[in-house]
Amino acid sequence: MPTLTAVRTMKTFVMKRIGEVGVMEKPIPSPGPEDAVIKTTAALICTSDAHTVGGAIGERENITLGHEAVGVIYKLGAAVKGFKEGDRVAVNAITPCWRCANCQRGFPSQCGQMLGGWKFANVKDGNMAEYFHVNAAQANLAPIPKALKDEQAVYACDMMSTGFIGTERAAVPVGGSIAIFGQGPVGLMSTAAARILGAGLIIAVETVPKRQELARRYGADAVVDFRKGDPVKAILELTGGLGVDGAVEALGSQATFEACVRATRPGGVISNVGYHGKGDFLELPRLDWGVGMGDKTIRTALCPGGSERMGRLLRLIEKGRVDPTLMTTHRFPFAKIETAFQLMRGKADGIIKPLIEF
Ligand SMILES: [Zn+2]
Ligand SMILES: [Zn+2]
């Protein structure tokens, strides 16, 4: 008679179907030779989880949500070198294979296909769970420096990586000007990056007072409130009529995308990291785009992953260059995950980032 071993299970927070979430028991995953399984210690809820539940990427059945989490290595595949079980690690929201053509071409976020590096809560279970599986672990696990707490390191997984790449891609020269549209957690990290990367004039566009205040703390020289007038006009005034060297779209809407194109000077870059969650098309303002010949470049990026970049982002926190925990407005134990998610979904109670502790 075969011996029956009980399958060990864990609690996970899932999208049951479009519009419906809940807590579900699932078996604890086991790693293949190149993988790892992490025991989660801290996680952050992301607005993109709310987009997913709202149907932005189509139907998913009982998929575990979440893509911003840190923890300790619970089980490690035999082929993974340089780590051991029990190590504290951060895992980026994007976990590429690091082998396919797009990875080799330098676009790991587009691993295999467009947006293919985005696996958590998209094509496999995410990490809003007591344990989670990581593919290509050797390249996707980043050691957390001893001096950092989990609740600090967890910001490198998405908010810092995405916010920073928005500003990196805007490629503003030292002393140049940048406008960052939207001061949610991603936009706030774009603002922090602009200061670190040496922008000479940082303009944040935001209307919520708490976010305006944080934008200033992270380095904005001026905050433009789009409810109080045309933000493009304000940006032109602040730049002596020239427009900015770079604009970051950190919201994901037609209005802000368009304003980015209008506010950027010829030769400048519009850097989109906002998640455009609805509609079939985005429109360009034809005349402000120089009827297609204005030397205005539009770039896009999806949260770059990998341990090398994660190590650099974690170092910025460790050295005090940026304190992302200013964005932690709420804390919940994992048992209260549903309350936390609904709060995030409704953007209630001045929420910026809710931290989930395991
Ligand atoms: Zn996220
Ligand atoms: Zn790949």
Side-chain angles (χ1 to χ4, degrees), residues 13 15 21 32 34-35 40 42-54 56-57 63-70 90-129 132 134-140 151 153-166 182-190 250-252 272-277 301-310 313 324 327-330 337 340-341 343-345 347 351-356:
F13 180 60
M15 164 179 173
V21 294
E34 300 192 355
D35 311 333
T40 315
L44 293 162
I45 301 181
C46 185
T47 309
S48 54
D49 290 322
H51 285 305
T52 300
V53 173
I57 55 169
I63 194 167
T64 304
L65 290 164
H67 54 264
E68 303 181 25
V70 299
V91 182
N92 192 276
I94 301 306
T95 49
C97 77
W98 302 101
R99 287 181 178 171
C100 72
N102 280 356
C103 283
Q104 291 190 40
R105 288 166 69 227
F107 301 97
S109 293
Q110 321 300 336
C111 174
Q113 62 181 56
M114 192 163 61
L115 309 184
W118 173 23
K119 301 185 195 301
F120 287 135
N122 181 15
V123 296
K124 69 184 259 192
D125 276 334
N127 51 24
M128 199 55 83
F132 64 96
V134 181
N135 60 287
Q138 200 162 314
N140 286 322
E151 62 178 89
V154 71
Y155 277 99
C157 302
D158 183 356
M159 298 300 94
M160 280 181 72
S161 190
T162 301
F164 274 61
I165 196 67
Q183 297 291 297
V186 166
L188 286 168
M189 288 299 94
S190 298
L251 195 79
N272 190 98
V273 284
Y275 182 148
H276 293 271
L302 168 66
C303 181
S307 60
E308 193 276 336
R309 177 176 177 84
M310 291 292 280
L313 295 172
M327 300 188 290
T328 307
T329 49
H330 295 68
I337 177 69
F341 182 78
L343 200 65
M344 190 65 172
R345 212 176 167 192
K347 289 274 151 54
I351 201 161
I352 296 182
K353 271 308 228 192
L355 176 77
I356 309 299

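Remember, it's 1-based here, ligands and their atoms both numbered in the order they're listed.
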- Message: If we ignore hydrogens and angles and just use 3.5 Å, is the side chain of Lys124 paired with the main-chain N or O of Ala121 as donor and acceptor?
- Response: no
Tell me which N, O or S atom of [X] sits nearest to the Zn ion (ligand 1).
X      : value
Glu68  : OE2
Asp158 : OD2
His67  : NE2

- Message: Let me check your reading of the structure: within less than 2.8 Å of the Zn ion (ligand 1), is there an N/O/S atom from Cys157?
- Response: no
- Query: Can you give the angle Cys111 SG - the Zn ion (ligand 2) - Cys97 SG, rounded to 10°?
  - Reply: 100°
- Message: To check you understand the geometry: which heavy-atom pair defines the closest contact between His330 and Ile351, and what is its length?
- Response: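 Smallest interatomic distance, heavy atoms only, reads ND1-CG1, 3.5 Å.
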- Shortest non-hydrogen contact from Asp125 toward Thr64: OD1-N, 2.8 Å
- Out of Ser161, Pro304, Cys157, which residue meets the side chain to side chain contact (heavy atoms under 4.5 Å, CB included) rule with Asn92?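 For Asn92, the side chain to side chain contact (heavy atoms under 4.5 Å, CB included) test succeeds with only one of Ser161, Pro304, Cys157, which is Ser161.
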- Message: For the residue pair Thr95 / Asn135, report whether a side-chain donor-acceptor contact shorter than 3.5 Å exists.
- Response: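 Yes.
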